[in-house]
Amino acid sequence: MPVPAAVRVLVLGGTTEARRLAESLAGDRSVRVTTSLAGRVAAPRLPPGEVRVGGFGGPEGLAAWMREHDVDALIDATHPFAAAMSRNAAEAAALAHVPLLALRRPGWVAQDGDHWHSTGSLAEAAGLLPALGERVFLTTGRMGLAAFAGAGLDALWFLVRSVDAPEPPGPARMEVLLDRGPFTLEGERELLRRHRIDVLVTKDSGGDATAPKLTAAREAGIPVVVVRRPPVPEGVPVAATPDEAAEWVRRF
């Protein structure tokens, strides 16, 4: 009997969940996985299996790539805040008639003792800061720092943590800390203490790797400005874990 062809899966990656999904499927001979990375991080942690780096040229380019490579299923496992890529994935999947699944780790949930201020954008987050503190721990990544470059924030001092060095414009007074999670609770406590941080800004990325900063802020009574994540495109099913996504693939 002829051997069934392997299911060809394209994973739009760059997250821990995308890498774990590729690891989960790596030993399955009935599945062939290609992980696509945007190429914005200088030294990404590569998943097993095939890897491509770089953009596709919009939804039409992504759809064309999937047709050319006979992709059977598309998984959007990009960062929860990669809204443009998620929209492109939904449009491309429709154009190529390829089933699409979004892999999204659950967002964070406030606990007793938290002092969270929810906002819909980085600009809204920046507008809240003068009333909340003077020494800001900014953990929203290197993109979008221009939102914190306004003259009304010149009196504030920022500790900006990111994987790669940010490019201007950025806050007038800032120190850059290049680091990559996961982070420990003890390390986050010490960072807040050493830099005398009195307000934290973060995106609701979810997951455990960067969550200790929230616990450290709660313990210190520090307010946290949380930027809400954009919604998944309408009609796209969502898996909360790599295991759920792997099961979805294996049903093909």
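These values consider heavy atoms only, across backbone and side chains, with no hydrogens, waters or symmetry-generated copies. Just so you know, these numbers come straight off a predicted model, no measurement behind them.
- Minimum interatomic distance between Ala110 and Trp116 (heavy atoms only, all atoms of both residues): N-CZ3, 3.4 Å.
- Nearest heavy atoms, Ser86 versus Thr78: OG-OG1, 3.8 Å.
- Remark: Arg229 CZ to Ser205 OG distance equals 7.0 Å, nearest 0.5 Å.
- Considering Thr119, Val225, Thr140, Thr139 in turn, Thr140 is the only one that fulfils the side-chain contact (heavy atoms from CB on, under 4.5 Å) rule with Lys203.
- Note that the CG atom of Leu103 and the CZ atom of Arg20 stand 10.5 Å from one another [nearest 0.5 Å].
- Hydrophobic clustering, with ILVMFWY side chains joined whenever heavy atoms are under 4.5 angstrom apart, groups Leu12 together with Val232.
- Side-chain contact between Pro242 and Ser24: absent, with no pair of heavy atoms (C-beta onward) separated by less than 4.5 Å.
- When atom types are taken as modelled, the side chain of Arg161 and the backbone of Leu178 share no donor-acceptor pair closer than 3.5 angstrom.
- At least one donor-acceptor pair closer than 3.5 Å links the side chain of His69 to the backbone N or O of Trp65.
- For the pair Glu190 (side chain) and Glu186 (backbone), a donor-acceptor distance under 3.5 Å is absent.
- Leu129 CG to Glu124 CD: the interatomic distance, rounded to the nearest 0.5 Å, is 12.0 Å.
- Between the Arg29 side chain and the Val31 main chain, no donor and acceptor come within less than 3.5 Å of each other.
- Proximity of a side-chain donor or acceptor of Arg104 to a complementary backbone N or O of Asp76 within less than 3.5 Å is detected.
- Partners of Asp28 by salt bridge (charged side-chain N to carboxylate O under 4.0 Å, His left out), not counting sequence neighbours, listed by chain and number: Arg250.
- Atom OG1 of residue Thr215 and atom CZ of residue Phe183 lie 14.0 Å apart, to the nearest 0.5 angstrom.
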Test side-chain contact (heavy atoms from CB on, under 4.5 Å) on Ser36 and Val11 and set out the steps. CA-CA 6 Å; Ser36 175; Val11 177; over 6 Å; no
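- Side-chain heavy atoms closer than 4.5 Å link hydrophobic residues (I, L, V, M, F, W, Y) into clusters, and following such links, even through other members, never connects Val71 to Val249.
- In summary, Arg196 and Glu134 do not engage in a salt bridge, as defined by a charged side-chain N under 4.0 Å from a carboxylate O.
- Using a 4.5 Å cut-off on side-chain heavy atoms (C-beta onward), Val136 and Val201 make contact.
- Across Ala217 and Leu192, no two heavy atoms sit closer than the pair N-CD1, 3.8 Å.
- Closest heavy-atom contact between Ala149 and Pro169: CB-CB, 4.4 Å.
- With Thr241 contributing its side chain and Glu244 its backbone, the two residues share a donor-acceptor pair below 3.5 Å.
- With contacts defined as side-chain heavy-atom distances shorter than 4.5 Å, the pair Phe137/Phe158 does not qualify.
- Looking only at distances, no side-chain donor or acceptor of Glu91 sits under 3.5 Å from a matching main-chain atom of Arg87.
- Hydrophobic clustering (side-chain heavy atoms under 4.5 Å, transitive across Ile, Leu, Val, Met, Phe, Trp, Tyr) keeps Ile197 apart from Met174.
- In summary, Arg8 and Glu50 engage in a salt bridge, as defined by a charged side-chain N under 4.0 Å from a carboxylate O.
- The backbone N or O of Thr35 sits nowhere less than 3.5 Å from a side-chain atom of Arg52 that would complete a donor-acceptor pair.
- Here CG of Leu95 is found 6.5 Å from CD of Glu60. Values are rounded to the nearest 0.5 Å.
- Taking the side chain as every heavy atom from C-beta outward, Val224 and Val199 never approach each other to under 4.5 Å.
- Within the 3.5 Å criterion, the main-chain N or O of Gly206 finds a donor-acceptor partner in the side chain of Arg105.
- Heavy atoms only, all atoms of each residue included: Pro130 and Leu156 are closest at N-CD1, 4.2 Å.
- Ionic pairing of Lys213 and Glu188 is not present here: no N-O contact between side-chain nitrogen and carboxylate oxygen is shorter than 4.0 angstrom.
- Criterion: ILVMFWY side-chain heavy atoms under 4.5 Å apart, direct or through other members. Under it, Leu132 and Leu159 are not part of a common hydrophobic cluster.
- Put simply, NE2 on His79 and OG1 on Thr15 are 8.5 Å apart, with the number rounded to the nearest 0.5 Å.
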Where do Trp157 and Glu175 land on the side-chain contact (heavy atoms from CB on, under 4.5 Å) test, with the steps shown first? CA-CA 8 Å; Trp157 180 87; Glu175 177 179 332; 3.6 Å; yes
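- When the side chains of ILVMFWY residues are joined at heavy-atom separations under 4.5 Å, either directly or via intervening members, Leu101 and Phe252 end up in a single hydrophobic cluster.
- Judged by distance alone, the side chain of Asp204 and the main-chain N or O of Arg228 form no donor-acceptor pair under 3.5 Å.
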Might you work through the side-chain contact (heavy atoms from CB on, under 4.5 Å) test for Phe148 and Leu122, ending with a clear yes or no? CA-CA 8 Å; Phe148 302 90; Leu122 293 176; 4.2 Å; yes
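- Every side chain to side chain contact (heavy atoms under 4.5 Å, CB included) that Val51 has, sequence neighbours left out, goes to Leu37, Leu46, Pro47, Val53.
- Shown here are the side-chain hydrogen bond (donor to acceptor under 3.5 Å, both in side chains) partners of Arg218, two or more places apart in sequence or in another chain: Asp114.
- Nearest approach of Ser162 to Gly141, heavy atoms of both residues: CB-C, 4.2 Å.
- Salt bridge status for Arg189 with Glu219: present, with a side-chain N to carboxylate O gap under 4.0 Å.
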Run Leu10 and Leu62 through side-chain contact (heavy atoms from CB on, under 4.5 Å) and show every step you take. CA-CA 10 Å; Leu10 175 62; Leu62 174 54; 3.7 Å; yes
